[in-house]
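Position 1 is the first residue of the sequence; numbering continues from there. Note that the coordinates shown come from a computational prediction; the quantities given were computed from them, not determined experimentally.
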Amino acid sequence: MVHTFSALGYQIAVDVNSGAVHLLDDASFRILGLAEGPLGEALPESLRRALPDYTREELEEAWRELLELQGKGELFSSDDYVDPNRSVPRGAPVKALCLHVSHDCNLRCRYCFAATGDFGTGRKIMDFETAKKAIDFVVRKSGARRNIEVDFFGGEPLMAMDTVRKTVEYARSIEKEAGKNFRFTITTNGMLLSDETIEYINREMDNVVLSLDGRREIHDAMRITPGGKGSYDVIVPRFQKLVKSRGDKDYYARGTFTARNLDFTQDVLHMAELGFESISVEPATGPKGDPFAVGSAELPRVFEEYERLAEEMKDREDFRFFHFNVDLSQGPCVIKRLRGCGAGCEYVAVTPEGDIYPCHQFVGKPEYRLGSVHDGSFDMGISDVFAGLNIYTREDCRDCWAKFYCSGGCSAGNLLVTGDIRKPNSAACEMERKRLECAIALRAAESERED
């Protein structure tokens, strides 16, 4: 499989199976665009007739260069993962935990997938005993794995800071004896940030996600208080203070764009102007009829906007956009390339009641309940279903050029839109492919600057 495309003035070919990326001249680009499979030793006469704008010598030279790449295994390479069942283990250690310390929120975001914070399960704060059992659960289920990720999530987790503090303290107290290293993340809307909380987050959290949708008018139209007021003016100074004192520790200013504000480049640039260097803006998802969800009808406009954002970023280095980050030199490990995030097997979510789900977006769906940290139950049948999901068992992924970058997409998003965790949401797939093209072109621009 070879995918060819043009972006940011570059003509690019991606050899899907090897991961090799090539910047091409016009003749080579057009040859690959017409090629239906591996190249033979001789330039076909039919191809020469199809490209009358080039001399035979030009086409012969381009053909020889492409053949050389093919000989190196960098074009039309074979698929080394044809038997994923050998490469993708089931019953793997659980290495990441999403702790729903709060099923309550002090905002009422209009596009919220979590029913304004309680996930449809009722407003509740996780007590420390439940959080402690969740930590014990992940220590036990992580096996010999040393590094464990714990994400404090909600609702709004700052509404449960007592539980957060006690949980971090407990996890740190058992690290040495358990042979583990905990990395903590917290996601917050910023409404309860104080100087004390900022200091604590910057000391204890390896990563922090700051919910901000961009421009004041966009943010305040979506992220409102129970009384209907906007939250921009409250949170932005607090986020700026947190980031300024965070040093080189990770963070993301993370927003959502909806079908009602498809000019999201302006929101990304606004966040950059506010001083945020790590930015992520995600499309809203939802079932058919959701007025905020970004679906197939919005794709042409979304594609234009990704291109506009990539063009803007081509000559500047003052911020990073999450979806344009791609490692072309090494990439993720084999398992992640095939299976993705590991929801339901390597990664699980725990509710305030102690119930275990494949990830935060499955919470409240009883058919996907895996067990409970209180009694130690864990349904390996459900877990094995998720462990068995990969780019080969998802039929729509097998022939997709982006499969080793996307790894099959989001199971929860698939369920929400298509009703089946195995069937990808086609609109999300199209957006992912477009983002990847922009990301690869930006790497080409970066390489050109370095040269």
Side-chain angles (χ1 to χ4, degrees), residues 1-84 87 303 306-307 310-311 313-315 324-334 337-338 391-392 397-407 430 432-451:
M1 295 176 67
V2 175
H3 174 65
T4 58
F5 65 96
S6 298
L8 299 181
Y10 300 103
Q11 297 181 127
I12 299 171
V14 177
D15 184 64
V16 175
N17 293 322
S18 72
V21 176
H22 309 287
L23 298 183
L24 303 174
D25 60 29
D26 190 63
S28 298
F29 181 75
R30 293 186 65 185
I31 287 173
L32 277 186
L34 293 172
E36 297 180 353
L39 309 182
E41 287 300 318
L43 173 71
E45 189 64 24
S46 60
L47 195 149
R48 190 187 68 79
R49 290 195 299 269
L51 298 173
D53 297 340
Y54 303 94
T55 66
R56 177 181 291 274
E57 290 74 18
E58 289 171 331
L59 292 177
E60 291 281 4
E61 182 181 359
W63 189 264
R64 286 194 298 272
E65 291 173 351
L66 294 174
L67 273 179
E68 184 178 350
L69 292 174
Q70 182 174 289
K72 293 178 180 178
E74 296 177 359
L75 274 180
F76 299 105
S77 58
S78 60
D79 188 346
D80 293 332
Y81 307 114
V82 291
D83 187 3
S87 303
F303 290 173
Y306 280 132
E307 290 172 1
E311 190 66 46
M313 295 180 66
K314 183 178 178 181
D315 298 312
F324 288 171
N325 292 337
V326 60
D327 184 354
L328 301 180
S329 62
Q330 184 174 355
C333 68
V334 171
R337 282 166 66 89
L338 300 181
I391 58 176
Y392 296 98
C397 298
R398 293 176 187 172
D399 296 325
C400 175
W401 73 268
K403 60 186 178 182
F404 291 124
Y405 298 96
C406 172
S407 306
E430 293 283 359
E432 174 69 3
R433 286 190 282 265
K434 184 55 146 183
R435 290 190 295 254
L436 276 169
E437 288 184 346
C438 291
I440 292 169
L442 282 171
R443 294 291 78 75
E446 180 182 303
S447 176
E448 195 173 69
R449 285 198 305 271
E450 292 173 350
D451 291 343

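- Closest heavy-atom contact between N325 and R443: CA-NH1, 4.3 Å.
- Across every non-hydrogen atom of C438 and Y306, the tightest pair is SG-O, 3.8 Å.
- Pairs passing the ring pair (Phe, Tyr, Trp, His ring centres under 6.0 Å) check and including a residue from residues 2-39, sequence neighbours excluded, read H3-F5, H3-W401.
- Between S18 and E74, the closest heavy-atom pair is OG-CA, 3.9 Å.
- Minimum heavy-atom separation, V326 to A439: CG1-CB, 3.6 Å.
- Scanning for salt bridge (charged side-chain N to carboxylate O under 4.0 Å, His left out) contacts around E57 gives an empty result, with sequence neighbours left out.
- Of the inter-residue distances, the one linking M1 atom CE with R398 atom CZ reads 12.5 Å to the nearest 0.5 angstrom.
- At a threshold of 4.0 Å, the pair R48-E60 does not count as salt-bridged, since none of the basic side-chain nitrogens sits closer than that to a carboxylate oxygen.
- Across Y405 and L436, no two heavy atoms sit closer than the pair CB-CD1, 3.5 Å.
- Looking at D15, its side chain never comes within 3.5 Å of a backbone N or O of A20 through a donor-acceptor pair.
- The minimum heavy-atom distance linking T4 with A13 is given by the pair CG2-CB, 4.0 Å.
- Among residues two or more places apart in sequence or in another chain, the salt bridge (charged side-chain N to carboxylate O under 4.0 Å, His left out) test is passed with E68 by K72.
- Remark: E432 engages R435 in a salt bridge (charged side-chain N to carboxylate O under 4.0 Å, His left out) (not counting sequence neighbours).
- Annotation: side chain to side chain contact (heavy atoms under 4.5 Å, CB included) contacts of S28 (sequence neighbours excluded): L24, D25, A62, E65, L66.
- A 4.5 Å side-chain heavy-atom check between E307 and E437 finds every atom pair outside the cut-off.
- Annotation: salt bridge (charged side-chain N to carboxylate O under 4.0 Å, His left out) contacts of E58 (sequence neighbours excluded): none.
- To the nearest 0.5 angstrom, E61 atom CD is 9.0 Å from T55 atom OG1.
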